[in-house]
A.B. asks: 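Have a look at this one before I ask anything.
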Amino acid sequence: MSHDGVGPRAVKRSVVFLTAGALAVPLLAGCGSDDEATSPAAPQDIALVARDKVADGGTLKWAVDAVPETLNAFQADADAGTARVAQAVLPSMFRLDANGRPVANPAYLESAKVIETEPRQVVQYKLNQQAVWSDGREIGAADFLAQWRALSGKNSAYWTARNAGYDRIEKIERGANDLQVQVTFSKPYADWKSLFSPLYPKDVMGTPDAFNDGARRKLQVTAGPFKVAKVDTAKKDVVLTRNARWWGRPAKLNEIVLHAVPRDQRAVALADGSVDLADVDSVEAQRIGLAGREKGTGTPLQGSGKTSVKKLRSWALAHGFDSDEVKAGRKKLRKSIAEYLEEQQALAGFEVRKSLEPAYTQLALNGSTGPLLDDRVRRAVARALNRDELAKLVLTPLGLPAVPVGSHLALSGQPAYADNSDAIGGQDAKEAQALLADAGWVPGGPVTEPKKAEKAAGPEKKKQKGEESDGGEDGEYIVGEDDKGHDDGPDGKGKHHESAEGTHEHGEESGRRLAQEGKHGGAPGAYAPKGTAAPAAAPAAPLAKDGKPLLLRFVLPSGPGSESLNTVAGRISATLERLGIRTEISRVPDESYFKDHIAAGDFDLALYSWPASAFPATDARPIYAKPVAAADGSVNVEQNYTRVGTDQVNQLFDEAVATLDEDEERSLIRKADSRIWATAGSIPLYQRPQLVGARKTLVNAGAFGFQTPVYEDMGYLKKGARVSPAPSAS
C-alpha cells in the first residue's frame, strides 16, 4: 500500500469494527461484464525489440527508492527493491504476463498442474532439467520443502511477514524422479500458482537463523540470469552481475546496478548519468518531455545584454524552480538557471515511457467513528463523486486513458475484472442529499461550537513535528468555513480559511501555461496543477445534526509526488461542500502518513493506493475482510484501514480461495467486490499513471504495466537497429 507506489506481492500488502448490516442496493450479483474478456486499460511501454536487436554488454543503472533492508522477500521490511532483486536472481514458478495473469515460467518449469482433487488437492511440478543453483546443485524438492516449513506459520522462530497459502499445505515430497515435486494440500487452495515465486534455496530457508539474518544483505546462492555481486550501502547500490551458471537465454547486460535516488531528484540523476532508468512523477516527467522539444529555443541567458532579475524570476517560476531559488539574487539565480539548462541538454537523450501501474488510487472512508459510522453518510459521499471527472483530472493530461476503476479486486485486463460500481450507483447529488437527510443531517441546523477544535475521527493526537496544513484551528484548512480568503500579516503566515471554489485560481492559469508548453512528456498537457479550481457552483448551507456540523477530516501526504493527490482532494472537497459537507484538510509528512494516520485510524477521508493482485482471493482478504474483535477488547483490522466489512464478504473470500473451479472463483470474487462497493468504505477512483524516464537507447525496459520484467532481454539497442512505434496508450 502506498500513496506513491506498489509493494511486492511476496510481502504482506503494505508499500499502508462495525458490521455494515443489510444494505438494500441493486445488482449485488457481481455480474457486470461477466464473461467478456477485458484488455489492460493501457499497453506497456518498454521499447520492445527482439533479442537480436539488443547489443551484448553494458550496464543498466536503475533507480530505486532505497537500498533494500533485506533481500528476503518474505520478511516484513522487504520493499520494491527487494522484489526487483528477487525477480532477477531467483526462481519463480509463475510470473505475470501483460494482462496480469500468472503463466508458468519455462526457465524453471516444464509443467505444473493439479493432478488430484480427492481426497486431497495435489499439485505436481515438473522442473526444467537444466535448472540449477549457482553452486551447481539441482533445484528440487528439498528447496520446496524448506520454504514450506519456513512459511507455514508453525514455527514462530521464523520471522515471516505472511504465510498465506503455505499454511494450507499438508506435505511436500519427491515425485517419480528428482525433477518432480508433489505438493499435497490439507484443504483446497485456488491460488496455488502464487506459491514458490520466488523460491529461495534451502540454505536460506532451512533454519530460523538463516531465514532471519542470512539473506538480509547477501544472497550467496541464486538461480536467475543475474546474481548478487554486492550490496554497497555507502554508494547506495545493489550490484547484480551475470550468472555464469544460468542455463536460459543469456543476459544481454553485463550488469544491473540498482541505485537509490529520492523521488524528487530523479530527473537530476538521469541528467548527470547516475541512472539510466527511473520511475518519475509528473513534475520530473514534464522536464524530460520539455527537454526533447526545446532544442534551439531561446533562454534568458542568451544575448549580450543583461537579463533583468524580474525576467529571470519569471522564467524560473514558469520552469518549476522552487520559491527559494526564484527569490535568490541575480547572480545566484543565473547560476541555477545555467545548471538547469545544462541538465536539460543531457535530458534530451531520455524519453518518458508511460502506461498504467497495476495499482489504483481510492478514496478511503473511515467507518469506525464519527459521521462515517453511518453507512448512509458513506454512501452519500460515494454518490456525490464524479469518478469520471476525477480520472480525467489525473490521466487525460498525460495522454493516458481516463476510465474509472470499477473493481476493488482486479483491474481491466485481469480475469476477475468487472465493473461492479452499480452496486452503489453513479453520481447523483439528489440521492446523496436524500441519504444525508435520512441520516438526520439537515442544512442550516443549529451548531454548538466546541470549546476546542475536535478531530473528526481517530484517536486524539498531538500535532507532529513537520505536519503541514493550511491554517485554521490547530493549523488546519477547513473547506467551506468561509469565503474570505486569507489575511496574511507582515510575516506572511496568517490563517487560511477559503471556499474550495475560490482556492488556487492562480494555479489554474499556471496549469494552462504548462499544458501549452507540453511539459509532461508524451502528449501535450500536464497533471492539473496543484489546487486547480473546481467548476463553480454555489455551496449548500452547512449540514448539522445534534448541534454538530458535518465536518470530515481529510488527511493527505505532503511529500514529493503528492501534487496530484492534493488536486484530487481539492476537487472532492469542493464537491462535498456543494452538499453542505465541510472538510478539514490536514497535510502530514510522508513518513507518518500510514503509520500514524491511516493505520491508526486518525482520519475520516484519505487517498492512497493498493496494488492489484493476480490472486485476489488470498491477497485482498486482509484489506476488505471484516475486522475481528480480540479477547482483550482490541480490534484486529489487518489491512482494512477503513474498518468497514461484513460477514458475507468474509464468506465469499473463503469460498473463492477454496474452489478449484476458475470460473466459480471468478464469480465469487466479483460478488465479493459488489458487496465491498455496497459498504462504501473504499471508493476506487483511477488506475495510477506509470511514468518512467528512460535513456532512448535502452530497450525492453520502461513502463512494464502488469508484466514481470524479463531481465535477460534488457539492454541497449544495436547501432542501426530501430524500435517499432509503441501502441497508443489512449
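This is a predicted model, so every value here is computed, not measured.
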A.B. asks: Would you please test F196 and Y166 for ring-ring contact (aromatic ring centres under 6.0 Å, His included) and show each step?
C.D. replies: CA-CA 9 Å; F196 308 109; Y166 293 96; 5.4 Å; yes
A.B. asks: Using the ring of each side chain (for Trp, its six-membered ring), is W610 parallel, tilted or perpendicular to Y641, with breaks at 30° and 60°?
C.D. replies: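 The arrangement is parallel - the two ring planes meet at less than 30°.
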A.B. asks: How would you list, by chain and number, every residue that makes a side chain to side chain contact (heavy atoms under 4.5 Å, CB included) with D178, sequence neighbours excluded?
C.D. replies: E138, R174
A.B. asks: Check salt bridge (charged side-chain N to carboxylate O under 4.0 Å, His left out) between K171 and all other residues, then give those that pass, not counting sequence neighbours.
C.D. replies: E173
A.B. asks: For the residue pair Y200 and F74, categorise the inter-ring angle as parallel (less than 30°), tilted (30 to 60°) or perpendicular (more than 60°).
C.D. replies: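 Ring orientation of Y200 relative to F74: perpendicular.
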A.B. asks: Test of understanding: with salt bridge (charged side-chain N to carboxylate O under 4.0 Å, His left out), list the residues that count as partners of D56, not counting sequence neighbours.
C.D. replies: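 Expected list: K252.
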A.B. asks: Return the set of residues passing side chain to side chain contact (heavy atoms under 4.5 Å, CB included) with D654 (not counting sequence neighbours), or none when no residue passes.
C.D. replies: R621
A.B. asks: State which residues pass salt bridge (charged side-chain N to carboxylate O under 4.0 Å, His left out) with R245; sequence neighbours excluded, sorted by chain then number.
C.D. replies: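 Per chain and number, R245 pairs via salt bridge (charged side-chain N to carboxylate O under 4.0 Å, His left out) with no residue.
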A.B. asks: Enumerate the salt bridge (charged side-chain N to carboxylate O under 4.0 Å, His left out) contacts for residues 198-216, please, sequence neighbours excluded, ordered by first and then second residue.
C.D. replies: D77-R216, R137-D203
A.B. asks: Show me the side-chain donor-acceptor pairs of residues 105-117 shorter than 3.5 Å, one per line, residues at least two apart or across chains.
C.D. replies:
residue: N105; atom: OD1; partner: A107; partner atom: N; Å: 3.2
residue: N105; atom: ND2; partner: S92; partner atom: O; Å: 3.3
residue: Y108; atom: OH; partner: A223; partner atom: O; Å: 2.6

A.B. asks: For T618, which of Y189, W192, F653 qualifies under side chain to side chain contact (heavy atoms under 4.5 Å, CB included)?
C.D. replies: Y189
A.B. asks: State which residues pass side chain to side chain contact (heavy atoms under 4.5 Å, CB included) with Q129; sequence neighbours excluded, sorted by chain then number.
C.D. replies: L179
A.B. asks: For residues 228-238, which side-chain N or O atoms pair as donor and acceptor with protein atoms under 3.5 Å away, sequence neighbours left out?
C.D. replies:
residue: D232; atom: OD1; partner: A234; partner atom: N; Å: 3.1
residue: D232; atom: OD1; partner: K235; partner atom: N; Å: 3.0
residue: D237; atom: OD1; partner: H259; partner atom: ND1; Å: 2.7

A.B. asks: Can you sort out the partners of E662 under side chain to side chain contact (heavy atoms under 4.5 Å, CB included), two or more places apart, ordered by chain and number?
C.D. replies: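 Counting only residues at least two positions away or on another chain, E662 forms a side chain to side chain contact (heavy atoms under 4.5 Å, CB included) with K193.
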A.B. asks: Mind checking what makes salt bridge (charged side-chain N to carboxylate O under 4.0 Å, His left out) contact with K227, not counting sequence neighbours?
C.D. replies: none
A.B. asks: May I ask you to decide if the ring planes of F211 and Y158 are parallel, tilted or perpendicular, using 30° and 60° as cut-offs?
C.D. replies: perpendicular
A.B. asks: Taking only residues two or more places apart in sequence, or in another chain, which ones meet F704 in a ring-ring contact (aromatic ring centres under 6.0 Å, His included)?
C.D. replies: none
A.B. asks: How about Y593 and Y608: are their ring centres within less than 6.0 Å of each other?
C.D. replies: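 Not under 6.0 Å, so no.
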